[in-house]
Amino acid sequence: MSNLQPVRGTHDLLSEGRKRHRHVEDVAMATSALYGFEEMATPIFEFTDVFARTLGDTSDIVTKEMYTFETKGGESITLRPEGTAGVARAFISNGLAQHAPIKAFYKGPMFRHERPQKGRQRQFHQIGVELIGVEGPQADIEVIALATHILASLGLSASVTLELNSLGDIESRAAFRSVLLDYFKVYESDLSDDSLGRLGKNPLRILDSKDEGDRKIIEGAPDFADHLNDASKAFIDAVQQGLSDLSIPYTRNVKLVRGLDYYCHTAFEFTTTSLGAQGTVLAGGRYDGLIKQMGGPSTPGVGWAAGIERLAMLSDVSLTKNRPISVVPVSSDLTRKAQTLVQDLRKTGLFIEFSFTGNMKKRLKRADKSNARAAVILGEDELKDGNVVLRDLDSGEQDIISLSDVAQTLTSKYG
RNA sequence: GCGGGUGUAGCUCAGUUGGUUAGAGCGCCUGAUUGUGGUUCAGGAGGCCGUGGGUUCAAUCCCCAUCACUCGCCCCA
């Protein structure tokens, strides 16, 4: 085995794997188009500030998982760990506020220096959407409806469940934060080390701790839903009502929180139990403060991102391969003639395979291996009369047809 | 970043209680006379037994380290 390994946490996508990713991307993009979302491609790296200032200095992503480096010009650059910040920056850079609302779809690689696991890589791929410039809950509903639609189109409706929560507005969150702090302070000595660390930084995160001891304490913790102010309550109620109207099943999970600081109000997550520890397949929420925080005009937004690798693992659709038609010269003297025919046939839109080397037997063997449905065999005897042999590789039947009719015959028979 | 498991042919895996030339299945290549694939038969190629170090007369096997994958924690998509 060669010692040339790819960098830890990165993977090559060969034909089959790439096809599966492609399928996810295609379905997601086509479905998003039905909702008026257009693809937006932002750079794979940004100035470090774009992420550092927006994701929150308590998030692990910023504190220890970013690929940050200095350019020759002395600028600090970071490989994007997620997509929203880049889209928000593009929104500001391009003055898109005047075109709001903006509906953006994106796909591509993201980079996070984490310990690799199943469904977790250092370079991974996401699809995502952002709906920027709509204040009301209709936007949240539309974006969740789109996510549901895409997952359904990928055949994942049954393997995935939607959880929903409200993180409230700034006022509600601040209020709840202090209530939570008071509650957890009492149990300070019993909390896990991880949660103890979160107590000072982001006590909300304690709510989704998996630690046994923590869970017991959390059971009795105050409920965020009881501490939302009227506006926040009305907002999440409207979202829930909208989902019900659209018959989108969900469960309210008051313990659901977000790792990134820019979220408010609606937070949601589609999870699965069949992917082990990395159960989150698609997640997102509302980020009304983000664009202003980045220095743009105060603009609300809501969106989500999904991991392509995780979706591809869940979606076991059998991808059908196109079957080619093989052109086979009987002798090497006919190679040039065959090559010409191949080119003509391809120009008519047919999928033609043509071996670079080998005698007739080898070429037919390869045709079979490529799952070709038919072979056009060029032999001296037939060519004298301007004919070729057309062999159906499934049935083994073969006819002699005129060279001038090949394209038409193939198209009507196999096209 | 922390803890557990794994690492032998392109793939899936045996195996050596430390001892000459490390095996199977699949795949790959060649052949079974004339211009015909799939099936069959015969033959063949391909392994520094993940990498580096240690113990030993001797290591693929034991010990240490390291790298990668994997499971859990963490994090999140």
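Letters go in sequence order (proteins before strands), and every chain restarts at 1.
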Under 4.0 Å from OP1 or OP2 of A68(B): is there any side-chain N or O of Arg8(A) that close? yes
Any Lys362(A) side-chain nitrogen or oxygen under 4.0 Å from OP1 or OP2 of U30(B): yes
Is there a Watson-Crick or G-U wobble partner for [N] with both distances under 3.5 Å, and which nucleotide is it?
N      : answer
C73(B) : G1(B)
G18(B) : none
C41(B) : G31(B)
U6(B)  : A68(B)
C11(B) : G25(B)
C49(B) : none
U55(B) : none

Just wondering, more than 12 heavy atoms not from Ile170(A) lying within 6.0 Å of its CD1? no
Greater than 12 external heavy atoms within 6.0 Å of Glu38(A)'s CD: no
Could you check whether [X] gets within reach of a base, just the sugar-phosphate, or nothing at all, counting any heavy atom under 4.0 Å?
X         : result
Val330(A) : base
Arg112(A) : base
Asn359(A) : nothing
Asp394(A) : base
Gly83(A)  : nothing
Leu393(A) : base
Gly396(A) : base
Gly119(A) : base
Ala367(A) : nothing

What is the distance from [atom1] of [X] to [atom2] of [N], rounded to the nearest Å?
X         : N      : atom1 : atom2 : value
Asn371(A) : G37(B) : CG    : C1'   : 12 Å
Leu311(A) : A77(B) : CG    : P     : 13 Å
Tyr263(A) : C76(B) : OH    : P     : 10 Å
Glu309(A) : A77(B) : CD    : P     : 14 Å
Met360(A) : G31(B) : CE    : C1'   : 18 Å
Lys365(A) : C28(B) : NZ    : C1'   : 11 Å
Glu269(A) : A77(B) : CD    : P     : 8 Å
Gln278(A) : C75(B) : CD    : C1'   : 8 Å

Check whether the side chain of [X] and the base of [N] form a donor-acceptor pair under 3.5 Å.
X         : N      : value
Glu382(A) : G35(B) : yes
Arg205(A) : C75(B) : no
Arg391(A) : G37(B) : yes
Arg120(A) : C74(B) : yes

Using atom [atom1] in both nucleotides, what's the gap between [N] and [M] to the nearest angstrom?
N      : M      : atom1 : answer
U66(B) : G19(B) : C1'   : 28 Å
U39(B) : U20(B) : C1'   : 41 Å
C49(B) : G10(B) : P     : 12 Å
G15(B) : G52(B) : P     : 25 Å
G46(B) : G53(B) : C1'   : 29 Å
G1(B)  : G23(B) : P     : 41 Å
U56(B) : C61(B) : P     : 16 Å
C11(B) : U17(B) : C1'   : 30 Å

Starting at the 5' end of RNA chain B and moving along, which residue's nearest nucleotide shows up first, Glu380(A) or His113(A)? His113(A)
Starting at the 5' end of RNA chain B, which residue's closest nucleotide do you reach first, Asp392(A) or Glu82(A)? Asp392(A)
Closest to side chain of [X], choosing from [options]:
X         : options                : value
His11(A)  : G37(B), C69(B), A77(B) : C69(B)
Ser209(A) : C76(B), C74(B), C71(B) : C74(B)
Gln398(A) : U36(B), A77(B), G72(B) : U36(B)
Lys369(A) : C28(B), A77(B), U36(B) : C28(B)
Ile377(A) : A77(B), C73(B), G35(B) : G35(B)
Arg115(A) : U36(B), G38(B), G3(B)  : G3(B)

Side-chain donor-acceptor pair under 3.5 Å between Thr84(A) and Glu130(A), yes or no? yes
Arg20(A)/Glu16(A) salt bridge by N-O under 4.0 Å criterion: yes
Determine, step by step, whether Arg18(A) and Glu25(A) satisfy the salt bridge (Lys or Arg N to Asp or Glu O under 4.0 Å) criterion, reporting the C-alpha distance in whole Å, the side-chain angles of both residues, the deciding distance to 0.1 Å, and the verdict. CA-CA 10 Å; Arg18(A) 177 57 197 145; Glu25(A) 291 171 2; 3.2 Å; yes
Can you pull the ring pair (Phe, Tyr, Trp, His ring centres under 6.0 Å) pairs that have at least one residue in residues 146-204 of chain A, sequence neighbours excluded? Tyr35(A)-His149(A), Phe176(A)-Phe224(A), Phe176(A)-His227(A), Tyr183(A)-Tyr187(A)
Can you see whether Phe268(A) has Arg286(A) sitting over its ring - NZ or CZ less than 6.0 Å from the centre and within 45° of the normal? no
